[in-house]
There are 2 protein chains.
Amino acid sequence: IVRAENLVKVYRMGKVDVRALDGVSLTIPEGEFLAIMGPSGSGKSTLMNLIGCLDKPTSGTLLVDGQDVTRLGDRRLAKLRGRTIGFVFQTFNLIPRISALDNVLLPMGLVGAIPKSQRRKRAIELLEQVGLGHRVRHMPNELSGGERQRVAIARALANDPKLLLADEPTGNLDTKTGRAILELFKELHRQGRTIVLVTHDPDVASYAERIVRLVDGRIVAVETSPSA
Amino acid sequence: IVRAENLVKVYRMGKVDVRALDGVSLTIPEGEFLAIMGPSGSGKSTLMNLIGCLDKPTSGTLLVDGQDVTRLGDRRLAKLRGRTIGFVFQTFNLIPRISALDNVLLPMGLVGAIPKSQRRKRAIELLEQVGLGHRVRHMPNELSGGERQRVAIARALANDPKLLLADEPTGNLDTKTGRAILELFKELHRQGRTIVLVTHDPDVASYAERIVRLVDGRIVAVETSPSA
Ligand SMILES: Nc1ncnc2c1ncn2[C@@H]1O[C@H](COP(=O)(O)OP(=O)(O)OP(=O)(O)O)[C@@H](O)[C@H]1O
Ligand SMILES: Nc1ncnc2c1ncn2[C@@H]1O[C@H](COP(=O)(O)OP(=O)(O)OP(=O)(O)O)[C@@H](O)[C@H]1O
Ligand SMILES: [Mg+2]
Ligand SMILES: [Mg+2]
């Protein structure tokens with residue numbers, strides 16, 4: 001479902017260039033549960049943003065769900081994102097002026113794949129699944145850090161994506177709450193979805209089937225997860 | 001340095017009240033290294049915001065550095081905060097339009113305790129201590145999640161605070177980078193500062209001398225850290 005070859009991402013900053021990705025090649029078979037690990041600043045979020053079609057590479061090839069995303073225009077890229085990909089951002093990126101419930105409903109309205117009559121029920125169920133059934137009316141600034149993270153997770157699942165990209169989804173959660181989220185991911189994976197999870201926590205990475213390690217914008221190791 | 005008695009914090013939300021803190025009493029001796037743990041939503045950040053004089057309790061007594069903070073006006077509260085407390089926010093809260101360096105310089109300019117001629121050198125050293133010597137000119141949106149977190153840490157240390165409050169400061173960091181930060185905290189503690197650290201990670205909590213556990217807005221356990 002993802003085929004990346006020699007991805008390079010350079011941020012030009014006046015005299016200095018930052019080579020955030022320095023030639024990354026990676027194939028993710030559909031239905032895989034993959035973890036990406038690596039030091040802070042090694043390029044994990046940059047790679048996720050490319051796979052998630054939120055940004056384009058400086059050079060290299062990238063096919064997502066069979067489509068060459070470097071060739072798609074903004075509208076078709078947005079359509080691919082909305083229908084196929086669910087993205088949990090490292091910094092949540094919730095819409096501040098609307099409730100948790102409306103944050104989860106929003107992508108359903110934009111994509112239109114979920115029938116109108118089912119949306120509210122689905123949004124509430126997703127929030128219950130991440131333990132926030134009692135917080136649906138809260139605004140993001142009326143939620144704890146871990147609660148905002150969980151709204152971001154529920155929102156990413158709104159349109160039942162084929163490919164779930166989660167950038168450090170348990171960083172703000174205690175072990176028990178984090179484990180509940182990972183069990184949810186495990187079940188979504190069992191149902192056939194592809195999951196890519198960025199994490200700093202080896203216990204979290206052990207839920208995946210395969211682990212890719214990034215250092216300084218390059219893949220330095222690919223391992224089969226010990227628990228796979 | 002902190003004496004809290006029966007702290008209650010209620011958020012009124014129309015028909016429903018959220019009792020984020022439900023009678024918390026805690027004494028933190030000056031020079032202690034304390035960890036606060038508990039499930040997502042248990043009231044840790046709320047408690048930190050009260051201790052950090054960013055918010056007032058609904059009821060209860062709170063003395064910080066000998067002063068009754070429920071009685072101080074905004075200006076004197078701001079002065080106490082600026083001179084005595086360094087706060088690392090769970091969501092970083094960097095100023096988006098200025099660089100990492102300027103984010104660290106800003107509190108120095110506001111408080112005036114660090115002599116003008118020394119500020120730039122001090123800010124650069126703090127950024128180097130958190131591993132960001134090569135990122136001083138970057139804007140927050142040109143930094144990775146873990147890099148933003150580290151700028152927030154450097155900024156909290158800008159005015160050499162007596163009391164450092166760090167709300168999940170390693171949540172976005174890999175083990176090696178996180179450990180470097182904790183070694184820095186350990187050294188600051190050794191020099192006599194009081195450190196209060198909210199964390200979900202037992203390995204991080206083990207750097208502290210004492211661990212307080214919150215559940216549903218109440219302290220349910222107080223333990224001596226196994227490694228103390
Ligand atoms: N817009 C930008 N301009 C310049 N440099 C950038 C920009 N965005 C990211 N970088 C740099 O690129 C590198 C990779 O960033 P990225 O966010 O991918 O790291 P990461 O592996 O996700 O780190 P973390 O674990 O801290 O989240 C970082 O060193 C960062 O400073
Ligand atoms: N402004 C607010 N209005 C209403 N409820 C709030 C508000 N701020 C926080 N809460 C609620 O108070 C509870 C405690 O929040 P707090 O941020 O202290 O939790 P926390 O222990 O820091 O959690 P986490 O580990 O997820 O960061 C949460 O359940 C949250 O939903
Ligand atoms: Mg990142
Ligand atoms: Mg919190």
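Just so it is clear: chains get the letters A, B, ... in the order the sequence lines come, proteins before strands, and each one is counted from 1. Computed from a prediction, not measured in an experiment: that's the story for all the values here.
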Item checked: Residue, of A:Pro202, A:Ser42, A:Gly14, A:Gly145, that accumulates the most heavy atom pairs under 4.5 Å with chain B -> A:Gly145
Checklist line | A:Asp74, CG: over 12 other non-hydrogen atoms inside 6.0 angstrom | finding: no
Margin query: Atom CZ of residue position B:Arg119 - does it have more than 12 heavy atoms of other residues, nucleotides or ligands inside 6.0 Å?
Written below: yes
Notebook entry, point to check: Is the shortest heavy-atom distance from the side chain of B:Thr91 to the side chain of A:Arg148 under 4.5 Å?
Noted result: yes
Notebook entry, point to check: With a cut-off of 6.0 Å (strictly less than), are more than 12 heavy atoms of other residues, nucleotides or ligands near CG of B:Asp216?
Noted result: no
Checklist line | Proximal component of B:Gln149, with respect to chain A [non-hydrogen, under 4.5 Å] | finding: neither
Item checked: More than 12 heavy atoms of other groups within 6.0 Å of A:Arg179 CZ -> no
Check: What heavy-atom pair brings A:Glu147 and B:Gly41 nearest, and what distance separates the two atoms?
Finding: OE2-CA, 3.8 Å
Checklist line | Neighbour count above 12 (heavy atom, 6.0 Å) for A:Asp17 CG | finding: yes
Check: What residue, out of A:Gly146, A:Ala20, A:Gly43, has the most heavy-atom pairs lying under 4.5 Å from chain B?
Finding: A:Gly146
Item checked: Pick from A:Glu142, A:His134, A:Arg150 with the largest number of heavy-atom pairs that fall under 4.5 Å of chain B -> A:Arg150
Check: For B:Ser40, is it the side chain, the backbone, both or neither that has a heavy atom under 4.5 Å from a heavy atom of chain A?
Finding: both
Checklist line | Top of B:Pro39, B:Gly38, B:Ser45 for chain A proximity - count of heavy-atom pairs under 4.5 angstrom | finding: B:Pro39
Item checked: Rounded distance [0.5 Å steps], CZ in B:Arg213 versus CG in A:Asp174 -> 11.0 Å
Note to self: If you count every heavy atom of other residues, nucleotides or ligands that lies below 6.0 Å from B:Glu125 atom CD, does the total exceed 12?
What the structure shows: yes
Margin query: If you count heavy-atom pairs within less than 4.5 Å of chain A, which of B:Lys44, B:Arg135, B:His138 leads?
Written below: B:His138
Item checked: Best-contacting candidate, B:Asp167, B:Leu173, B:Leu143, B:Val18, against chain A by heavy atom pairs under 4.5 angstrom -> B:Leu173
Next item on the list: Decide if atom CD of B:Glu223 counts as having more than 12 heavy atoms of other residues, nucleotides or ligands within a radius under 6.0 Å.
Entry: yes
Checklist line | Backbone N/O of B:Asn172 and side chain of A:His200: donor-acceptor pair under 3.5 Å | finding: yes
Item checked: Contacting moiety of B:Thr177, where chain A heavy atoms sit under 4.5 Å -> side chain
